[in-house]
Asks: 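My structure is below; once you've seen it, I'll send some questions.
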Amino acid sequence: MRLDNTTQRLNIDYNGTRLMTDAYAEARLGDNTYCSFNATSVSIEQNNVEDAFGSGHQWCITYRMDDGITLLQTLSCYGSKPYVVAQLAITNGSKTSSNYMSPLRCTSTNRMMPAGKKNRVLFVPWDNDGFIRYASNNLRGTVNSYTVTAIYNTDTRGGLICGALDHDLWKSAVRVTGSDYDKVDELALISGYTDEHSHDSIQSERMVMPHGAVVADTVRSARFMVGWFDDWRTGMETFGQACTLVAPKREWAGGAPYGWSSWGVQQTSISYQGIIDCADFIRDNLVSHGFHDREGRVVMSLDAWWNDNLSVQQVKDFVSYCKANHMIPGLYYGPFCRFGDLQSFVPGTSNKYRFRDIALKVNGRFKVVDGAYCLDPTHVGTKQFMLNEMQKFKSWGVEYLKCDFMSNGAIEADEWYNKNCHTGIQAYNEGMAALMRYAGTMYLDLSIAPTFPYQYTHGRRISCDAWGTIDHTKYVMNNTSYGWWLREVYVANDPDHMVMALRQDGGGVQTVAANRARLTSGVVTGAFLMGDNFSPNVTLWRDNNPSKGQLTNYWETSQERALDLLTIDEINEIPRTCSSFRPVYGNASSSVGAESLMTYETEKYVYVAAINYQMLMPISAQIPFADLGIDAAKVKAIKELWTSSTIAASATGFQYSVPASDARIYRIEKNGTSGIAHADEALLPSDASIYNLQGRRVAGGQKHGLYIKNGKKYIVK
């Protein structure tokens with residue numbers, strides 16, 4: 001890094017490559033924007049730094065303006081970290097207010113990328129609402145990527161990763177403008193960004209609600225990581241890990257959840273008998289084949305309409321059933337949204353507040369997102385409402401919550417109940433901290449929710465709603481292809497419920513091939529929850545409307561498919577012992593693209609999942625071992641798990657072949673690495689779950705077999 005004393009701009013290089021030319025900092029105060037290169041005086045200090053990222057050196061550059069405003073730009077390098085951390089502060093000597101800050105912005109063209117058309121810039125959405133997709137865009141035009149982006153080359157895999165590491169005050173973004181496929185004409189790290197994707201647009205007024213202004217004696221931007229990586233995929237994972245140095249992720253002993261969700265097929269027809277039938281089928285037919293989490297448990301998640309169709313006693317009976325059958329009882333809940341009128345009293349507030357008292361306003365009008373009013377996460381009434389619900393759920397014994405429409409609590413608004421709160425994400429953090437506190441040890445799985453912050457919950461659905469068609473599989477895989485790195489901040493990315501036989505008005509029975517593709521999308525994403533109806537005692541209605549007629553519930557087909565596809569122990573083992581797969585290449589450009597090849601390496605295996613999204617054409621190609629990062633000499637055997645076929649390997653790779661709308665999972669066994677250590681029985685926790693070598697949990701408390709902890713295997717003798 002070098003500051004040009006004449007231009008008062010920074011040049012940033014890495015190993016001889018110029019990453020930023022004439023970079024500067026800027027911030028907005030009121031109607032004025034202050035740029036560091038306009039300072040009347042500049043001073044530089046170099047200090048030692050020791051913080052969450054480690055020990056290193058920090059350059060502090062102070063820019064003083066002629067009206068008394070001071071910008072302080074800090075750039076920190078750590079010996080053990082392959083990136084620099086940049087931050088900007090602004091002050092005027094008293095209370096300062098800013099809604100936009102950029103610690104580094106470069107508007108001079110850089111050619112850091114190789115020549116040609118193989119360069120991409122990653123778009124990361126704000127949340128997962130509205131079926132928005134990630135995009136691996138060609139390096140042309142402008143991309144405003146929320147929180148983080150990667151500028152990378154699909155051949156060399158080298159790339160620049162830029163992303164915000166703090167998620168407590170700001171909605172942050174990275175702006176990249178490219179041209180000619182290999183030029184970066186603008187690169188800006190932004191704290192204070194809103195647009196229609198963050199639900200801050202007001203269509204009726206044809207405007208976007210500006211980001212709230214942070215108020216403090218000294219206002220600071222989020223800290224941003226900037227680093228060049230030989231493999232952009234490693235860079236994205238490193239970004240996730242860097243975030244957890246600021247705010248550690250929540251852990252869950254069971255790892256990725258396995259189980260069932262009522263919203264897949266039963267939906268508004270959910271019934272007590274239908275739930276129990278599905279649970280019985282899973283218990284009697286799937287669990288013994290490895291369909292369970294690390295602790296041998298299965299989630300039974302009752303989605304929307306559970307409180308309409310079930311009595312309190314039936315919910316309690318459902319919880320008791322789950323506890324007796326080593327299952328995790330789960331419910332659906334939305335803490336920051338109100339579907340319905342605003343005149344009703346808020347439960348848990350002793351009739352002190354109505355919903356109109358706790359709803360957020362934008363430009364004087366109540367804000368609605370996805371048909372629901374947005375509730376103020378800082379309001380005492382909202383918190384009492386949450387506490388009331390959490391106390392009820394915990395008294396029933398609920399252990400899992402799917403929390404939906406969370407983005408409603410993160411909008412920019414006119415004001416909040418907490419007058420010390422000034423931004424949507426600041427309010428959201430306050431509400432999420434309360435939710436985590438009230439929920440206690442319950443597994444919290446976010447549905448429609450901002451990607452960041454993450455530390456209050458265990459899991460998050462990586463996409464919006466998805467069922468079982470090949471198009472749904474491709475949509476989910478778009479999000480997994482470019483959001484797999486969120487495994488670093490969540491226990492498990494959630495691919496939504498997987499359905500083999502859809503409701504008749506949702507597509508009906510899918511082909512077995514399409515089923516394999518959808519299940520594979522779950523295997524490579526993280527959580528493994530089914531949504532089929534396995535009960536003969538469920539009546540389904542067309543469009544969820546009894547007046548439109550009854551639908552076939554397909555329970556027999558769903559059971560047949562489950563017995564065929566969900567009893568393969570070697571596939572069921574994968575979500576329990578792996579995390580989200582990473583893309584092999586990452587070159588499926590545009591927002592409709594999804595990677596066909598995903599991979600994950602364990603101590604013993606390298607897995608390669610191949611999905612064919614084409615409706616008619618098979619795909620077949622040679623995949624080099626070098627592209628998977630493994631030495632051909634260390635390949636012992638290759639097995640395709642769906643067909644149980646042995647695959648021949650050449651000296652450099654192997655041939656994969658996938659029929660139309662289908663998937664294959666190749667397991668490459670490595671030489672000389674069993675991946676299984678030995679453990680003494682005395683070292684095991686008292687509640688350890690033991691598995692046989694096929695991954696099936698051993699009943700009766702037997703202490704001999706295979707013990708799995710944190711994804712690692714131990715032989716117990």
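Side chains included, hydrogens not; waters and symmetry mates left out as well; all remaining heavy atoms used.
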Asks: Taking NZ, NE, NH1 and NH2 as the nitrogens, is one of them in Arg461 or Asp496 under 4.0 Å from a carboxylate oxygen of the other?
Replies: yes
Asks: Tell me which pairs pass salt bridge (Lys or Arg N to Asp or Glu O under 4.0 Å) where either residue lies in residues 214-225, with sequence neighbours left out.
Replies: Asp166-Arg223
Asks: What about Phe405 and Phe336, are their ring centers closer than 6.0 Å?
Replies: no
Asks: Do we see a donor-acceptor contact under 3.5 Å between the side chains of Asp168 and Asn429?
Replies: no
Asks: Does Tyr417 have its ring centroid less than 6.0 Å away from the ring centroid of Tyr353?
Replies: no
Asks: Answer yes if the side chains of Arg140 and Ser179 hold a donor-acceptor pair under 3.5 Å, and no otherwise.
Replies: no
Asks: Side-chain donor-acceptor pair under 3.5 Å between Ser102 and Tyr24, yes or no?
Replies: no
Asks: Does Ala449 offer a backbone N or O that forms a donor-acceptor pair with the side chain of Asn128 under 3.5 Å?
Replies: yes
Asks: Is it true that the side chains of Ser221 and Ser191 contain a donor and an acceptor less than 3.5 Å apart?
Replies: no
Asks: Got more than 12 heavy atoms from elsewhere within 6.0 Å of CD, Gln46?
Replies: yes
Asks: Distance-only, no hydrogens or angles: does the Arg175 side chain make a donor-acceptor pair with backbone N or O of Ala173 under 3.5 Å?
Replies: no
Asks: Tell me if a side-chain donor or acceptor on Ser201 pairs with a main-chain N or O of Val208 at a distance below 3.5 Å.
Replies: no
Asks: Between Gln426 (side chain only) and Asn420 (backbone N and O only), is there a donor and an acceptor less than 3.5 Å apart?
Replies: yes
Asks: Can you sort out the partners of Tyr373 under ring-ring contact (aromatic ring centres under 6.0 Å, His included), two or more places apart, ordered by chain and number?
Replies: none
Asks: Is the side chain of Arg18 donor-acceptor paired with the backbone N or O of Met112 at a distance under 3.5 Å, no angle test?
Replies: no
Asks: So do Val49 and His57 actually touch side chain to side chain, heavy atoms under 4.5 Å?
Replies: no
Asks: Return yes if some donor-acceptor pair links the side-chain N/O of Asp180 with the main-chain N/O of Lys183 below 3.5 Å, else return no.
Replies: no
Asks: With the side chain counted from C-beta on, respond yes when Ile161 and Tyr83 share a heavy-atom pair under 4.5 Å apart, and no when they do not.
Replies: no
Asks: Do Arg28 and Asn99 have a side chain donor and acceptor closer than 3.5 Å?
Replies: yes
Asks: Is it true that Asp230 and Arg157 have a side-chain N and a carboxylate O under 4.0 angstrom from each other?
Replies: no
Asks: Parallel, tilted or perpendicular, judged at 30° and 60°: which one describes the rings of Phe53 and Tyr78?
Replies: tilted
Asks: Verify whether one side chain among Ser463 and Arg133 offers a donor that lies under 3.5 Å from an acceptor in the other.
Replies: no
Asks: I'd like to know if the side chain of Thr378 and the backbone of Asn418 have a donor-acceptor N/O pair within less than 3.5 Å.
Replies: yes
Asks: Classify the ring geometry between Trp485 and Phe452 as parallel (under 30°), tilted (30 to 60°) or perpendicular (over 60°).
Replies: parallel
Asks: Could you check whether Tyr146 and Asp127, counting side-chain N and O atoms only, form a donor-acceptor pair closer than 3.5 Å?
Replies: no
Asks: Is a donor on one side and an acceptor on the other found under 3.5 Å between the side chain of Asn388 and the backbone of Gln384?
Replies: no
Asks: Relative to each other, are the rings of Tyr443 and His458 parallel, tilted or perpendicular (30° and 60° limits)?
Replies: parallel
Asks: Would you call Glu412 and Lys171 a salt bridge, using N to O less than 4.0 angstrom?
Replies: yes
